[in-house]
Structure formats: structure tokens, C-alpha cells
2 protein chains.
Amino acid sequence: MARITIEDVANEAGVSITTVSHVFSGHRPVNAETKQMVEQVAKRLGYRPNAIARSLRLRTSQTIMIVVPDITNSFYPEYARSIQDVIGPAGFHSLLCNTDAREREELAFLEEARSRRLNGVVFVGFRVEPEALRPLADDGICVVNVGGPVPGSTIDSVCFDDRAASAEMTHFVIDRYGSDVALIDGDAEAPVSRHRREGFEDACREAGVPDREMVVLLEEFDRAGGARGMRALLDREVRPRAVVCANDMIAIGAIDVAREEGLRIPEDVAITGFDDVDLATVVTPQLTTVHADGPRLGAEAGRLLLSRMTGEHDGEGRHVVVPHELVVRASA
Amino acid sequence: MARITIEDVANEAGVSITTVSHVFSGHRPVNAETKQMVEQVAKRLGYRPNAIARSLRLRTSQTIMIVVPDITNSFYPEYARSIQDVIGPAGFHSLLCNTDAREREELAFLEEARSRRLNGVVFVGFRVEPEALRPLADDGICVVNVGGPVPGSTIDSVCFDDRAASAEMTHFVIDRYGSDVALIDGDAEAPVSRHRREGFEDACREAGVPDREMVVLLEEFDRAGGARGMRALLDREVRPRAVVCANDMIAIGAIDVAREEGLRIPEDVAITGFDDVDLATVVTPQLTTVHADGPRLGAEAGRLLLSRMTGEHDGEGRHVVVPHELVVRASA
DNA sequence: CTGTTAGCGCATTCAC
DNA sequence: GTGAATGCGCTAACAG
């Protein structure tokens with residue numbers, strides 16, 4: 001129960017703690033016999049180096065924090081896994097943190113990252129401005145924002161061109177089904193939703209839909225939100241011919257109620273998603289959606305972060321846009 | 001860039017570090033004015049207590065580790081989230097760790113937990129015996145194993161009765177479609193798969209299926225594994241009338257290829273899942289499956305862990321079995 | 001090749 | 001009500 005320390009090992013082995021330290025770190029040559037002996041003693045005693053003490057001394061925890069809004073949306077686990085795949089081999093650990101898209105949690109995790117002297121943070125913010133990341137960068141924490149750049153900082157950023165993608169999808173839908181189209185968006189404030197909404201509006205305007213006739217609903221980025229939105233849409237006097245959804249989960253929810261109501265998809269209503277998560281090919285009909293490559297996004301973010309943490313890159317923040325792709329399947 | 005320490009604050013405020021420490025901890029009364037002043041200085045300087053130093057001193061990190069085999073299977077994120085929901089309010093943080101069901105990773109995380117002097121670990125092991133948890137318990141780490149108990153230890157455990165559930169499902173299927181039934185299991189070694197396989201075999205035997213005619217395939221616990229398994233099954237001379245799958249992801253994969261082959265479900269083949277993840281109600285036809293309540297499992301695990309970490313309970317490990325339920329939908 | 005020593009930043013025991 | 005001093009366990013000068 002009383003933890004074995006490096007000192008216990010040193011005493012037992014009859015050497016100094018310095019020697020023990022070095023047999024573990026390899027930072028300086030140690031006599032082969034001594035080394036072996038120390039290793040044996042350590043094993044016998046069940047010694048485990050105290051990572052906390054080491055972190056304190058080294059002033060680095062070799063760990064990063066991955067902040068996501070909803071771990072329940074499979075887009076994020078895949079994305080997170082991909083980050084881990086790139087930073088893990090370099091010897092970094094990671095904390096996966098779920099904010100539920102709440103401002104308080106977002107801020108709390110950011111503070112937490114400072115407290116724990118983390119080496120890096122990859123942040124998907126829904127409530128908090130990217131500006132909130134500046135203090136971290138000032139503390140020397142490497143950060144990449146998933147979203148827009150933070151000018152004049154060392155903060156890197158990665159994103160999809162959500163606005164363009166959403167506009168493309170909307171154009172596609174209008175071409176096929178006419179301008180009687182609605183959007184079920186995911187969230188009033190989150191940057192993603194704003195961008196996807198703007199893209200939708202861009203396309204509508206270009207198609208000559210007057211502003212006042214644009215149908216935009218704000219729900220939540222999940223299946224229940226999609227269901228609510230679809231119900232609201234079906235209650236209207238004129239039902240939309242096509243429904244663009246701000247992500248796949250919403251689209252699934254929309255499909256749920258469309259089918260409940262006996263509507264055929266896409267014959268009666270066309271429905272599109274966004275993200276192209278696994279679910280998209282599980283629903284019937286398979287979702288027409290925007291393929292937003294989560295793993296790719298994560299890998300990109302991981303690479304940026306890693307190059308900064310290793311010191312390979314410093315200076316002004318870089319910005320990379322990950323390409324998306326329209327995937328036309330059966331739902332529209 | 002140079003981190004502000006408690007000493008900086010003390011100097012700037014013209015008090016001792018002891019005082020600063022106490023205004024933050026509240027562990028001893030501090031003159032109201034002094035207190036306010038210190039707080040102001042701290043804010044102005046952007047002081048953040050160093051959690052690492054604190055952990056070293058206090059010998060507790062207030063954090064736990066949640067180890068899962070596949071963060072990409074939505075069962076686990078939901079489960080993990082639920083653990084966090086119970087331990088978070090008590091002031092504990094958590095690390096979510098993904099092993100990809102690999103022995104090396106499982107062991108590495110366990111060691112990691114010891115190194116980091118974590119307060120608790122909730123472990124879902126696929127490769128490593130529960131016995132491997134003993135050293136953690138010996139170190140004073142609170143641990144709950146998701147699976148069987150570890151006799152004579154302070155390790156708590158939670159599980160579903162996988163074997164019974166699997167047998168129930170198999171019985172149900174045999175009742176409906178006859179004894180021409182196959183199992184696509186998920187993994188040769190993992191305890192879950194073993195139990196689900198045993199349940200399947202129990203039921204087959206009871207139904208009079210001779211051992212040598214039992215069809216049991218071992219694939220992986222994911223969609224691709226299910227697809228492979230189903231293809232193998234369809235290549236056989238006599239195709240099974242019903243296919244029991246060891247989890248929902250496998251079942252989805254099986255459905256994918258059944259539909260590709262133009263088979264009707266359940267008219268031509270019945271297919272069942274296990275877990276009842278979100279996907280189960282997204283596929284067509286909706287999955288008949290065993291509802292294994294991930295959030296409930298997590299909550300139970302979290303409760304056990306918390307009661308131990310707070311010292312409310314100590315002594316012999318407790319074991320709780322979370323009830324399951326057969327959910328009959330359209331696929332069988 | 002090995003050991004002594006000085007902190008890393010904080011909480012806390014004594015002493016005042 | 002406040003402060004000085006000690007040590008949590010470890011690494012890395014520095015000094016043999």
C-alpha cells in the first residue's frame with residue numbers, strides 16, 4: 001500500500017537514487033551489472049516511477065487534451081482516435097474530454113489544461129470564442145483550434161469549409177427538387193451550425209428564394225433534434241419538398257418521423273445529412289450527405305499539434321482546410 | 001510563457017505563500033482584506049495553481065481511468081459518459097483510454113494508472129485476466145472490473161449476465177425459426193464473446209442440436225466482421241435460417257450482406273444483435289437484440305468506484321449484475 | 001562510472 | 001491571523 005519510491009529501490013540495491021534514475025531513463029551510461037541488479041530489485045519491489053513527480057520536475061506531462069462537444073456522436077470518437085494515432089507514437093498521452101456543448105464545461109477544461117501543464121490542446125468549441133484559447137498559448141501550451149484561425153497567435157487551426165459544403169449540398173437539392181427546401185440546423189450559436197446555415201442561405205439566395213421564405217429551424221445536433229425539427233416541418237401548411245440537415249444524426253431523426261408519417265424518401269421528401277458517419281450507410285434509405293472526413297481532420301490536427309510540441313515548428317499559427325465531398329446516395 | 005507560481009503571487013501581494021495557499025484552499029481563515037487582495041493579484045497575474053505540484057504533495061490526482069476496447073462502438077462512449085456523470089460531480093476527472101482490444105495496450109494503461117497515482121480505474125478487459133488488476137489494488141488504487149469478480153481482493157465488479165442473455169436470445173430464435181441457427185461471435189478470447197458463445201451453446205444443446213453441428217464463427221466485434229461472417233455463412237451448403245450475432249455491429253454487417261444478396265429479413269434469414277445501441281433502431285429492419293444498458297452499467301460501475309474512493313466503502317469486493325432485456329423488433 | 005545536492009510548486013506543521 | 005521551513009518523488013547539474 002505504501003508506494004515504492006526510487007529511494008526504496010536505491011537503498012535496497014545499495015546505490016544512489018541518481019543511478020536508479022539513470023538506469024530507467026538511459027540518460028547516462030550505467031555499469032551493466034549495476035543496471036541489471038537495479039532492474040531486478042525494482043521488479044522485485046514492484047517499483048513504478050511516479051509520473052507526477054517526474055512531470056513536476058520536467059515541467060511537462062507529455063499529455064494533451066482533446067475537447068469535443070459530444071462523444072456520443074460517432075464523428076468525434078473517430079476523430080479523436082485519429083489524433084491519438086498520430087501523437088501516441090511520439091510518446092504523448094491524451095485526455096478525451098466531453099463538454100456536452102456547454103460553455104461552462106468548455107471553459108473548465110481549458111482552465112484544467114493550464115492547471116495540469118498539458119503540452120497541447122485540440123479544441124472543438126461550440127460556445128466559447130477561439131479567443132479564449134489565447135491564454136493557453138501564452139502559457140506555452142500548444143493549441144490547435146478546430147474551426148477558424150486565431151490571428152496574431154501561435155494557435156494552429158483546422159476545419160472543413162462548412163459554408164461552402166453546405167451551399168453545395170443545398171444547390172444540389174434545389175436543382176433536383178426545386179426551391180421548396182428547409183434546413184434543420186443544429187444549434188443557434190455553434191460555429192459549425194452558423195457556417196452550415198450560412199451556406200444554406202447563400203444557396204437559397206442564389207436560387208432566388210427570398211429571405212423571408214427561407215425555412216430554418218434550430219434544434220439540437222442529435223436524433224431527437226432531427227425528429228422535433230421534422231415534426232415541426234410537417235405541421236406547416238406547405239411542407240418542404242426537401243430537408244437539408246446540419247448533420248447526420250439530425251437527418252436520421254428526420255427520417256424516423258418521415259417514415260412514421262408514411263412518407264417516401266426521397267419521393268415525398270428528400271433528406272440530406274452532413275458528416276457521413278457510419279450511420280449514414282445503415283439507415284434506409286442510405287443518406288445523401290457531405291463526407292466530412294473525421295479521421296482526416298483528426299490526423300491533420302494531430303500533425304499540426306505534434307510539429308509544434310516537438311518544436312519542429314513555431315511561430316505564427318497555420319491554418320488548414322480539409323476537403324469535403326458530396327456523397328449522393330438514396331435519400332436525396 | 002514563464003508560468004506564474006504561488007510564489008509570484010505571494011511576492012506581488014506582499015504576503016507569504018502560506019497565505020496565498022490558504023486563500024485558495026480555504027483550509028484556514030484569512031483576513032478578509034488580505035484575501036480579496038490576494039485574489040485580485042492572482043487574477044491580474046493570471047495565476048493557475050499547478051495541479052501537478054498539488055498532486056505530488058497531496059498524493060492524489062483526483063482522477064480515474066476508464067479503459068475500453070473500442071471507443072468507436074457507441075456502446076462504450078455512452079457507458080463512459082455515464083461513469084463521468086457519477087464521478088464528475090464528486091470532483092473527479094477521468095481519462096478515457098482506448099485499447100483496441102490489444103493486450104499490450106491494456107497492460108500499458110494499467111501500468112500508466114499506477115505511474116500516475118490515479119485514484120481509480122474502471123476496466124473492460126479483452127485480453128488480460130482480471131488478475132492483472134491486483135497490483136493496482138495493492139497500490140491502493142480503487143478498481144472496478146467490468147466482468148467477473150476477483151476473489152479475495154478489494155476489486156469490485158459489474159457485468160451483465162451475458163451467458164444467460166445469449167441463451168435466452170438463442171432459445172427465442174430457435175423457437176421461432178427452428179434449430180438451424182448460427183452464431184457470429186466477436187472474438188476468440190474476450191470474456192464477453194466467450195460468455196455469449198457459451199450461452200448460445202447452452203441453448204443449442206438444450207434444443208438438441210448436436211455439438212458437431214453447431215455453427216460458430218469467430219470474427220471481429222464490428223461491422224466488417226459481421227459482413228465477413230455472413231458471407232462465410234452464405235457460402236455454406238446449408239444456409240442457416242437464423243443468425244445470432246454477438247453484438248449489434250456484427251448484426252449490422254450481417255444485414256448489409258444479407259440485403260446485398262437479396263435475402264429478405266427475417267423471411268429468408270433472421271438476424272439478431274446484442275447491446276441495443278442506437279444503430280439498432282436505425283437499421284432496416286430494426287434489430288431484435290438484447291438490451292444491455294450501457295449507461296446503467298457505467299452508472300453502477302461509477303457508484304461502486306466512487307463509494308470506494310470516498311472511503312464510504314472498503315473491504316471485500318462487491319459484485320453487481322445489471323439486468324438485461326430481450327427486445328424483439330423486426331429482424332427476428 | 002557514480003554520488004551529492006538543489007530545486008520543480010505546492011500544502012502543511014510548527015512557531016509566532 | 002500569519003509566516004518559515006520541510007518534504008512529496010524525481011531529474012540533472014555539478015563534482016568526483
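Each chain gets a letter, A, B and so on, in the order the sequences are listed, and its residues count up from 1.
- Counting to the nearest Å, the P atom of dA6(C) and the CD atom of E7(A) are 16 Å from each other.
- The CD1-C1' distance, from I17(B) to dG9(C), rounds to 8 Å in whole Å.
- Where F24(A) and R28(A) meet DNA chain D, the nucleotide closest to each residue was compared, and F24(A) sits on the side nearer the 5' end.
- Counting only N and O atoms by type, the side chains of T63(B) and R116(B) include no donor and acceptor under 3.5 Å apart.
- Using modelled atom types and a 3.5 Å distance limit, the side chains of S115(B) and R48(A) yield a donor-acceptor pair.
- Between H27(B) atom NE2 and dC10(C) atom C1' there is a gap of 12 Å when expressed in whole angstrom units.
- Taking only distance into account, the side chain of T18(B) meets the base of dT12(C) through a donor-acceptor pair shorter than 3.5 Å.
- Of the N and O atoms on the side chains of S307(B) and R318(B), at least one donor lies less than 3.5 Å from an acceptor on the other residue.
- Contact annotation for S21(B): base contact, defined as any heavy-atom pair under 4.0 Å involving a base atom.
- If you check every strand for non-hydrogen atoms under 4.0 Å, L56(A) touches a base.
- Whole-Å rounding puts the D139(B) CG to dG9(D) P distance at 12 Å.
- Nearest to the side chain of R59(B), among dC8(C), dC8(D), dA12(D), sits dC8(D).
- In this structure, R48(B) and V30(A) both approach DNA chain C, and ranking their closest nucleotides by distance from the 5' end singles out V30(A).
- Counting only N and O atoms by type, the side chains of Q62(A) and T60(A) include a donor and acceptor under 3.5 Å apart.
- Residue T5(A) has no polar side-chain atom (N or O) positioned under 4.0 Å from OP1 or OP2 of dG9(D).
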